[in-house]
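A quick write-up on the structure given underneath.
Only heavy atoms go into these numbers, but all of them, side chains included; no hydrogens, no water, no symmetry mates. First the proteins, then the strands, lettered A, B, ... as listed; each starts at 1.
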Number of protein chains: 2
Amino acid sequence: MSKEAYHHGNLKQELIERGLEFIDQNGVESLSMRKLAILSGVSSAAPYAHFENKEAFLAEVQNYITERFVETLRKTYESCHDRQRVLLELGKSYVLFFDQNPLYYSFLFSHGDIDLNHYPPFQMFQSIASRVMKELHGGKMDEYEIHNKTLAMWAMVHGLAQLYTLPAFRMMEGQNAEQIENILSSVEI
Amino acid sequence: MSKEAYHHGNLKQELIERGLEFIDQNGVESLSMRKLAILSGVSSAAPYAHFENKEAFLAEVQNYITERFVETLRKTYESCHDRQRVLLELGKSYVLFFDQNPLYYSFLFSHGDIDLNHYPPFQMFQSIASRVMKELHGGKMDEYEIHNKTLAMWAMVHGLAQLYTLPAFRMMEGQNAEQIENILSSVEI
DNA sequence: TCCTCAATCTTATCACTGATAAGATTATAT
DNA sequence: ATATAATCTTATCAGTGATAAGATTGAGGA
């Protein structure tokens, strides 16, 4: 299976990219395999040579978005060396990702088949959060309390991300970051 | 338009009830107007005498669920007279509603067209939360901080509700309430 | 070079869905 | 009782996911 395949060339990749673009502009609701096929200059059945079904296709698109999301979080984490602020920065980064791509949120989390427990961004946030908390509040907290606080914090960040998905919450560029920081830092963890 | 209508009787009501039942058991993804029509012993076009389109039908089903949700929150609020605990109880009630009807969550919040800003349960939680906070922390906080804390708390509760939608988080009956309380009360508001 | 084989793509087709139009049936109000 | 409006059926449409059968082409081995 070469990458410069025959007839079309690189159909699988193009379908995924057009899928990303379509979801970003229109959401996943009105996406159809046929539309993507025609946009790619190919017959309506061609995509099924590369994806078992629509669900499998969407799963691959989800993976692309998830990779970019994780990469965003990772960069934020690595570029912040202030342990007092790292959780705040991570939360901000989490919310801003969906603030900038609001239609991705419902695409990722709406379709109920995602296993959030094994979802890389969730695991990443959890592991960083509990590590930082142990460093900060060291012996003063037992495992159970740290676990609870970690869940509480993730829930807050994730819920806030959904909130900033809504038109009414997305103001001018740049202002949101400050607003998000104020909200997140208004509760003590 | 009488309630004991001809031919079928009370089709509109029955469609909504069967819709509720179907979504509770199968989720909204695989729901079709035709299935509901046939289940109700009626032709596939009959529902369109009562609903302009599928979206309008689903909106009415959402309203039913929302009413029950608001009613649940209202009862919780009215039966708790301890101002130190009322926010905690309200949050628990919020999370438990979706813990008990997990498929309702994605149905209500997944389809992006909901205006959370004017969504009754959201408004209710917000107004109660900011009132209670004013009562408790009275003059020590300005409006802006109370607003931020209210949003933070709602985000946490709402995010936790989504978490308890997942199979891995729904343990034995009764245990969840305690667990949710521990998580919510692990952060200071 | 030729030939086989697998990957890729097209064409045709299926069942299902949302939706509408045209017409039949019946309740209700005058 | 008759007219009117609400309700329902029958046909039909376009769009969708999906599959089967067959055509096209690339790649590797003889």
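- Using a 4.0 Å heavy-atom distance criterion, K35(B) is classed as a sugar-phosphate-only contact.
- Of the candidates dG17(D), dC9(C), dA21(C), dG17(D) carries the atom nearest the K54(A) side chain, counting heavy atoms from C-beta on.
- Side-chain proximity of H50(A) to the nucleotides dA18(D), dT20(C), dC9(C) is greatest for dC9(C).
- Atom-to-atom, CG of L15(A) to C1' of dT8(C) comes out at 13 Å; the value is rounded to the nearest Å.
- Under a 4.0 Å N-O distance rule, the pair E181(B)/R85(B) qualifies as a salt bridge.
- Checking dA21(C), dG18(C), dT19(D) against the side-chain heavy atoms of S32(B) singles out dG18(C) as nearest.
- Across the protein-nucleic acid pair, N53(B) atom CG and dT20(C) atom P stand 7 Å apart, rounded to whole Å.
- Note that OH of Y164(B) and CG of L151(A) are 7.0 Å apart. Values are rounded to the nearest 0.5 Å.
- H158(B) NE2 to Y105(B) OH: the interatomic distance, rounded to the nearest 0.5 Å, is 3.0 Å.
- Checking dT20(C), dT9(D), dT10(C) against every side-chain atom of Y48(B), the shortest atom distance belongs to dT20(C).
- Screening L163(A), T165(A), N176(A), I180(A) for a side chain to side chain contact (heavy atoms under 4.5 Å, CB included) with V95(A), the sole residue that qualifies is I180(A).
- Atom pair F57(B):CZ and dT17(C):C1' shows a separation of 15 Å (rounding to whole Å applied).
- Annotation: F69(B) is not in aromatic contact with Y119(B) [ring centroid separation under 6.0 Å not met].
- In the set dC9(C), dA20(D), dT20(C), dC9(C) carries the atom at the smallest distance from any side-chain atom of V42(A).
- Nucleic acid contact for S43(B): base, since at least one base atom lies under 4.0 Å from a heavy atom of the residue.
- Checking dG17(D), dG18(C), dT10(D) against the side-chain heavy atoms of M33(B) singles out dG18(C) as nearest.
- The interatomic distance linking Q13(B) (CD) with dT7(D) (P) rounds to 14 Å, in whole Å.
- The interatomic distance linking N10(A) (CG) with dA7(C) (P) rounds to 17 Å, in whole Å.
- In this structure, I38(A) places its CD1 atom 14 Å from C1' of dG17(D), rounding to the nearest Å.
- With rounding to whole Å, E14(B) atom CD is found 15 Å from dT7(D) atom C1'.
- What separates CG of L11(B) from C1' of dT26(C) is a distance of 15 Å, to the nearest Å.
- Between the side chain of R34(B) and the base of dG18(C), at least one donor-acceptor pair of N or O atoms lies under 3.5 Å.
- Comparing K12(B) and S30(A), the nucleotide of DNA chain D nearest to each residue sits closer to the 5' end for K12(B).
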